[in-house]
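Reviewing the structure listed below.
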Amino acid sequence: MTTTPVAESPKKREAGAKPLKRRLAPRDRAVVIAMVTVPVLFVGFLVWVPAILSMVLSFGSWNGIGEIDQIQWVGTKNYSDIVNIYPPFWPAMRHNLIWLLFLFLGPTLLGMLLAVILDRNMRGSRFYQTAFYMPVVLSLALVGFIWQLFYSRDQGLINQVFNSEVDWYGDSSVNLWAVLVATAWRHTGYIMLIYLAGLKGVDASLREAAAMDGASERQTFFQVVFPVMRPINMIVVVIVVIESLRAFDLVWVVNRGTNGLELIGALVAQNVVGEASRYGFGSALAVIMMLISTVFITIYLRNVFKEDRP
């Protein structure tokens with residue numbers, strides 16, 4: 001960028017007190033303003049405006065038919081009904097919590113283990129990285145169809161091998177766990193790639209110093225490498241929380257989020273785009289989901305800004 005130096009007096013140059021201050025040329029200033037303004041406008045119109053409108057609509061009752069002035073404002077009635085007289089809500093909260101714990105204890109730990117193994121530059125590591133990451137590029141809806149080949153009651157691979165007739169997607173006592181296994185198949189490669197990138201960025205001298213001090217590989221990882229990757233760990237925590245809250249595609253493909261697969265995201269879709277068309281009620285559910293995710297995002301940003309302070 002072209003900059004214009006501000007003239008200084010001879011006394012200041014002799015003293016050498018401060019370096020020359022430079023100001024952007026008008027053209028460069030316009031480019032910088034455009035680079036900042038355009039993304040802010042996109043984020044505002046595509047994220048913040050819909051979020052604010054959803055919060056406003058959550059205090060009203062509207063079926064989406066007619067003018068906006070026909071909205072009946074009901075205060076906090078939607079939230080009260082969700083908590084007190086909406087049967088699927090608490091099972092959905094419980095299932096989202098199970099989803100969260102499962103992603104932490106299953107795919108996250110497995111992805112970390114795979115990253116540690118592949119970081120050793122073993123033979124064929126590129127092939128294994130590609131193989132484990134391939135499911136990540138697939139949509140969750142397609143993952144559901146693929147796992148239908150395993151879970152089908154009549155022709156599924158699992159029932160054929162074990163000579164059983166379990167309805168893995170239809171039985172409410174097992175379908176949540178069946179869907180979680182399919183989710184783990186896709187989520188593990190994503191976590192593996194994040195941790196693998198973090199391990200590549202760890203200074204090799206730290207491991208060498210730990211080895212010279214007599215630390216084993218396990219001690220080196222948990223006492224030296226893992227603490228250094230604290231920013232990566234925080235990113236993984238936020239990703240897992242968001243993934244567990246916005247889980248929707250897979251359960252919607254299976255049975256539209258009913259019969260044991262109730263999730264908050266599916267409940268939002270049922271009330272907004274389903275036969276009910278209760279936009280205010282669905283918006284209230286979406287706001288609840290947004291507030292829960294905001295708590296974890298705020299914790300993450302607080303830690304990030306705390307690390308950036310001198």
Side-chain angles (χ1 to χ4, degrees), residues 94-138 140 143 147 150 176-247 292-310:
R94 183 173 65 252
H95 294 161
N96 275 108
L97 180 59
I98 293 174
W99 205 288
L100 174 63
L101 295 176
F102 180 83
L103 289 184
F104 266 123
L105 300 178
T108 299
L109 296 180
L110 180 58
M112 184 191 303
L113 176 62
L114 291 175
V116 172
I117 295 174
L118 295 176
D119 186 52
R120 298 181 177 181
N121 295 323
M122 57 184 294
R123 178 179 296 180
S125 60
R126 296 289 181 145
F127 169 78
Y128 293 119
Q129 291 178 29
T130 304
F132 287 123
Y133 188 74
M134 278 295 293
V136 180
V137 303
L138 304 177
L140 280 172
V143 170
W147 278 84
F150 294 90
L176 178 63
W177 303 105
V179 169
L180 285 173
V181 170
T183 303
W185 178 66
R186 180 180 183 272
H187 191 70
T188 300
Y190 188 30
I191 299 299
M192 177 205 70
L193 191 68
I194 294 175
Y195 271 116
L196 191 59
L199 289 171
K200 297 296 184 184
V202 175
D203 192 351
S205 62
L206 296 176
R207 302 185 185 185
E208 295 174 358
M212 293 179 63
D213 291 339
S216 63
E217 291 189 10
R218 182 178 63 84
Q219 291 174 330
T220 300
F221 177 77
F222 285 106
Q223 298 180 14
V224 178
V225 177
F226 190 74
V228 170
M229 293 196 302
R230 186 169 180 270
I232 301 296
N233 296 331
M234 291 301 303
I235 292 174
V236 169
V237 169
V238 174
I239 289 175
V240 171
V241 171
I242 293 176
E243 286 290 329
S244 65
L245 287 174
R246 72 183 186 92
I292 295 174
S293 61
T294 301
V295 172
F296 293 94
I297 294 174
T298 302
I299 295 173
Y300 165 71
L301 293 177
R302 180 183 176 186
N303 282 273
V304 170
F305 290 139
K306 185 183 297 184
E307 292 176 356
D308 291 340
R309 290 177 185 174

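The figures here come from the full heavy-atom set of this structure, side chains too, leaving out hydrogens, waters and symmetry mates. Residues take their numbers from the sequence shown, with the count starting at 1.
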Can you give me every donor-acceptor pair (side chain of residues 207-215, partner residue at least two apart or in another chain, under 3.5 Å) with its distance?
unit_1	atom_1	unit_2	atom_2	d
Arg207	NH1	Asp119	OD2	3.2
Arg207	NH2	Asp119	OD2	3.3

Taking the side chain as every heavy atom from C-beta outward, state whether Val116 and Val225 have any atom pair closer than 4.5 Å. no

Tell me the closest heavy-atom pair linking Tyr133 and Gly189, and the distance in Å. CD1-O, 3.8 Å

The reported gap from CG in Leu199 to CE in Met192 (rounded to nearest 0.5 angstrom) is 11.0 Å

Taking distance alone, no hydrogens or angles, what donor-acceptor pairs closer than 3.5 Å link side-chain atoms of residues 233-241 to residues at least two apart or in another chain?
unit_1	atom_1	unit_2	atom_2	d
Asn233	OD1	Tyr195	OH	2.9
Asn233	ND2	Phe226	O	3.4
Asn233	ND2	Met229	O	3.3

Can you name the closest pair of heavy atoms from Ala182 and Val143 and give their distance? O-CG1, 3.7 Å

If you count the non-hydrogen atoms of other residues, nucleotides and ligands that lie under 6.0 Å from OH in Tyr128, is the total more than 12? no

All heavy atoms of Trp99 vs all of Glu243, minimum pair found to be NE1-O, 4.4 Å

Quick one: CG on Leu97 to NE2 on His95, what's the gap to the nearest 0.5 Å? 10.5 Å

Between Leu206 and Val202 the two heavy atoms that sit nearest each other are CD1-CG1, 4.3 Å

Here the pair of heavy atoms bringing Ile292 nearest to Leu245 is CG2-CD1, 3.9 Å

Would one find more than 12 heavy atoms of other residues, nucleotides or ligands at under 6.0 Å from atom OH of Tyr190? no

Is Thr188 reaching over with its side chain to a backbone N or O of Gly111, donor-acceptor style, under 3.5 angstrom? no

With side chain to side chain contact (heavy atoms under 4.5 Å, CB included) as the criterion, how do Phe132 and Leu110 come out once you've worked through the C-alpha distance, each side chain's angles and the decisive distance to 0.1 Å? CA-CA 11 Å; Phe132 287 123; Leu110 180 58; over 6 Å; no

Minimum heavy-atom distance Phe221-Pro227, with the two atoms named: O-CD, 4.1 Å

Partners passing ring-ring contact (aromatic ring centres under 6.0 Å, His included) against Phe150 (at least two apart in sequence or in another chain): Trp147

What do you reckon, is CD of Gln219 surrounded by more than 12 foreign heavy atoms closer than 6.0 Å? yes

